[in-house]
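Here is the structure we will look at, set down as structure tokens.
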Amino acid sequence: MLKIENLHASIEGKEILKGINLEINEGEVHAIMGPNGSGKSTLASVIVGRDYVQITDGRILYDGEDITKWSPEERALKGVFLGFQYPVEIPGVSMVNFLRAAINEQRKYRGEEPISPSEFLRIMREKKNLVGIDSALTNRSVNEGFSGGEKKKNEIFQMAMLEPRLAILDETDSGLDIDALRTVAQGVNALKRPDNATIVITHYQRLLNYIVPDFVHVLYKGKILKSSGKELALELEEKGYDWLQDDNGNGGI
Amino acid sequence: MEKDQDKIISEVTGSEYKYGFTSDIEMDTLPKGLNENIIHEISRRKNEPEFMLEFRLKAYRHWLKMEMPEWAHLKIPEIDYQDIIYYAVPKAKPNLESMDEVDPEIRETFTKLGIPLEEQKRLSGVAVDAVMDSASVKTTFQESLAELGIIFCSMSEAIVKYPDLIKKYLGSVVPYTDNFFAALNSAVFSDGSFVYIPKGVRCPMELSTYFRINAANTGQFERTLIIADDDSYVSYLEGCTAPMRDKNQLHAAIVEIITHENAGVKYSTVQNWYPGDKDGKGGIYNFVTKRGLCKGNHSKISWTQVETGSAITWKYPSTILKGDYSKGEFYSVAVTNNYQQADTGTKMMHIGRNTRSLIVSKGISAGRSNNSYRGLVKVTKGAENARNYSQCDSLLIGGQCGAHTFPYIEVDNKTAVVEHEATTSKIGEDQIFYCNQRGISTEDAVGMIVNGYAKEVLNQLPMEFAVEAQKLLQISLEGSVG
Amino acid sequence: MGKEVLRNKTPELTRMVLDRFEKTGTSVKTGLLPAVKIMQQKGREAFLTYGIPGYKNEKYRFTPVQKYFEKNIPPLMVPRNRNFKLDDIFRCDIPTLNTFMHVVLNGFYFEETSSLGKMEDGIRIGGLRQAMKEMPGLVSKYLNLAAGESTDGLVALNAAFATDGFFIYVPDNVVMEKPVQVVNIVNDNQSDLVQYRNLIVLGKNSEARIVVCDHTLSEYESLSNSVTEVFMDREARLDMTRLQNENNNATNITHTFIRQEARTLLNNNHISLHGGHIRNNLDIVLVGSHAKSHANGLFLMDHDQHVDNHVFVSHAAPECFSNQLYKGVLNNNATGVFSGKILVEKGAQKTEAYQVNKNILLTDTAKMNSKPQLEIYADDVKCTHGATVGQLDEEAMFYLRSRGIRENDARLMLMYAFAHDVVRKIRIEVLQDRITELVEKRLKGDIPKCHTCLVNYS
């Protein structure tokens, strides 16, 4: 589904990603771990097309097509979803209007009729229960006045509504207490299907107790140092990141 | 990021004015220029009683002694008042008995504008007075309103039919000495709407006037007078458009509202005069004096305006809170794009006891435009327990425009509480990206964000106009982001 | 943009004032620097162009400057009546303040010795006339550089005729340890129109603290029109407090122009305690990026006193910060005006600019006019402003009274708290304490003078 080849990317002339290779197939859950500043969020940004990150080399293939030149909304309509680390507040724009616009864009893209209000409300109710989001939140403006935890749950709720093929969750676990973490993880697990895939970006192993990854990748100073099964996460938790470097002399700097 | 910003800006500022067509209608016009003969002639053609001619002449003589106001944050090119046609009416006679008598071209014009004049086709619950250039062409629902004692007719008709009401109220809120443009209007005004709501009557439908400038080189000087007698209520709407022409055209209107004891008037405007082209060529100069007098105790006047058109707007719908416990409100969204300039706001004059006023102003500037809020809150000596709250926000789109706030607070009574707050913000790139990531295009995202920002004001508009206004906001910003 | 009314609307009065000056002032023309002569010439022309601000001048709408000048008060062009010991008429003793004290009397620097005070590190403090002689290059470079662009006829009048005042120069990288205190005194046995001109130049990465006191002792009607220019080079830091404590016969018009280069930090406090008519124009331009500017003001007026503060902060460079905080308490028939403007110029992105004006009216006959304004030409900015006119918080009053505090004390307590917001911005601790004390006295209705000060404000 997603294939990243030798991806180099920089921000304001400073190289952040230094040759990433990554392949993700349908039905898989990948975890990308790494310390602060290793390039995790940059990788997420570059996949969804934030333009402050410049790709200097390499390709991102999505279903075989190079998407590096695509606009963010084209990628979104093709099913790429980002759960933001810091969801922005949009005053005055109600969650309902926002989501209905997003769903109708998808429908238009697929050549379908706009969703009827009653159908929309039905789906919304259903997904709210699935994610365990407070129904009052959807009556407010997008993210406005939401607590940190509410914002993160709201991201998962949107993911449920938009049913992406590839979901990237950028540090969705940071700032969550254990109950909220569990709710978020339950939501993610419930949305898992054989034809979609999830990338979980985190620097704690904690979330991976609830969302069990098929693969764990360690990103360090712009490169993937190690890829392995879920046991790698536990090893990282125990030993930290330094041993990887020792293991692999040129590993970082 | 720069690039994205530019894209956004050009997308939101690029769209064309949708009402810019001209209609080919045979007109009856007076020659260009202004002098006492022209005024005599206007008054004669309208069969006005003697007192109106005197009113006009006094206003004209006073106007000659006045100067254009200079205090607004506007660059107004020199206006040649002798190069304007002050009277132009469609040749077919106004005050028609049935729809069939309306010139088909005029009917077609208003249909194109979405204002069908046939009553059976009207949006339910809205009566319309359609004014083209200097004359009212058709007022709908007059008969059914008359059954309730409501008078809704053109100003010309009112002057002939209800001279006592006109004598009593015309110029009582905006005297001809008030300002340069008010004096000019008082001298040459040609038509407009007149509304009288009798005691105890709540007008069952929205009343509206639709103003259309069509003829070239003409000025439009309409005059609206609304009187709400004790315990009555009316909601009134006005809309305006004009063809696209290279030459600027002057629009100098006056609106006067009087509310008696316990009466309420809600006045909503969707102003969409031709704003000029992308390079700032052409467009309407919209210099308007609107003022309401809360004469009776517990009376209320609420102004709502959505200002998207005009090359230059100079407009301050105001309320004089004379009655005790009277209440004034002003809700405004003003959008400027390309080279448009707007200096708009309100005045709240607290005179009675326990008066309240509320001001909510949302300015949106894009392109190379300048958008100013200017408002006065004045609490006079006897105005015990006056309260005012003002919230004035500005939204900037792009780095070439200006957004300004000039509030004036004058307090002469210690029991007053006057509060003013203002903020300035821009549409964040992260907000747009967030929408993009959910599959929403940049243009729609801007529309959503702008409408969200203006929501408090749009919510004040009657339903069907709120929808129109939302679309209008998005259209007027089209191309400014992209 | 907005058309300022530039035309002279008071041509006759303007001409009359000019004639009066030119008939009086002959002795000041000799021995002047070429730069000063140019300033005078430019000032004269600008004065004729802009004139005395008339009743319709928007900037002076609430302060009748025209009326002040119509009183025909004769200008004082040369120092006179200086044969007395300063100590006999004035003594400012803030014992712990430990400042360098300098006096300007009726617009002329008052000093027995005639040369500029020289200190370690090259700091120079003294009279402007003297500075013209001793530091002609520096004075020529800066004098009228900021004020010369003004379209205010009163600033022009000052340029045309003022020849003395105080001068402070702090060289690059020098930190002036002790604060400087400058006392402007108007005292004469006749009515005077007094003009003086101050120049403050701070070098790169320098630091100074300055206290300016305006006192009018004269029992005769006086009119003062002064201009102060402050230039802050890169990374300079200035803490300036102006305290106005004058009698009811005094009309004091001040114009302060401050230019801030990159990464400078200004903390400007303006405390108006007493005075007949006060008008302060403060004009700050942030010309270099990352400059920070705080403009604070407090005014406490009663009886028929009038105070008008015009504050203009212009963000001409990106990423600067400014904050205006002005508070006022008006009693009896006093009138107050605040007009604050933030201008964010095109390209001044990432500006943060804030403005707050809060006022309390204590009587039905007191009046307040507030005009907080924003003029913004850049889109990536954070600007807010707010203004309120009201009374003391009734809830708070009730709370205090329910705890057994008498109504009058409760009211005073809340007023102190209201005023303290501004006073606490003064960074010289002893001065802050002293001003706190003065403010409390003032709010209690006492005459607000320092313990040992002989000044009599009856």
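A, B, ... follow the sequence lines: proteins, then strands. Residue 1 opens every chain. Owing to the predicted nature of the structure, the values given are computational and were not obtained by experimental measurement. What you see below is based on every heavy atom in this structure, not just the backbone, and it leaves out hydrogens, waters and symmetry mates.
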Counting N and O atoms only, with roles assigned by atom type, does the side chain of B/Q431 sit under 3.5 Å from a partner on the main chain of A/E89, one being a donor and the other an acceptor?
-> yes
On the 0 to 90° scale, with breaks at 30° and 60°, tag the A/F84-B/Y434 ring pair as parallel, tilted or perpendicular.
-> tilted
Within 45° of the ring axis of A/F98 and under 6.0 Å from its six-membered ring centre, is that where the NZ or CZ of B/R438 lies?
-> no
Spatial distance of atom OG (A/S45) from atom CZ (B/F433) [nearest 0.5 Å] | 7.0 Å
side-chain contact (heavy atoms from CB on, under 4.5 Å) partner of A/E73, the single match among B/N436, B/D444, B/I440 = B/N436
If you tally heavy-atom pairs under 4.5 Å against chain B, which of A/N143, A/L99, A/I103 wins?
-> A/N143
Atom group of A/P87 that falls short of 4.5 Å from chain B, counting heavy atoms = both
Name the region of A/N104, side chain, backbone, both or neither, that has any atom closer than 4.5 Å to a heavy atom of chain B.
-> neither
Which atom pair, heavy atoms only, marks the closest approach of A/V93 to B/I449?
-> CG2-CA, 3.8 Å
B/E429 side chain reached by A/D51 side chain, heavy atoms, under 4.5 Å = no
Step through the shown structure and confirm whether more than 12 heavy atoms of other residues, nucleotides or ligands are within 6.0 Å of NZ on B/K266.
-> yes
For A/Y86, is it the side chain, the backbone, both or neither that has a heavy atom under 4.5 Å from a heavy atom of chain B?
-> neither
Roughly how far, to the nearest 0.5 Å, is the OG atom of A/S141 from the NZ atom of B/K455?
-> 5.0 Å
When only heavy atoms count and the cut-off is under 4.5 Å, which of residues 147-163 of chain A reach chain B?
-> A/E155, A/Q158, A/L162
Using a cut-off of 6.0 Å, state whether more than 12 heavy atoms not belonging to A/K128 lie near its atom NZ.
-> yes
Would you tabulate the side-chain donor-acceptor contacts of residues 22-33 of chain A under 3.5 Å, counting partners in other chains and residues two or more places apart, or write 'none'?
residue : atom : partner : partner atom : Å
A/N25   : ND2  : A/E28   : OE2          : 3.3
A/E26   : OE2  : A/R165  : NH2          : 2.7
A/E28   : OE1  : A/N25   : N            : 2.8
A/E28   : OE1  : A/H30   : NE2          : 2.7
A/H30   : ND1  : A/H217  : NE2          : 2.8

So, does B/Q437 use its side chain to make a donor-acceptor pair with the main chain of A/L82 at under 3.5 Å?
-> yes
When only pairs under 4.5 Å are counted, which of B/C435, B/S425, B/G439 shares the most heavy-atom pairs with chain A?
-> B/G439
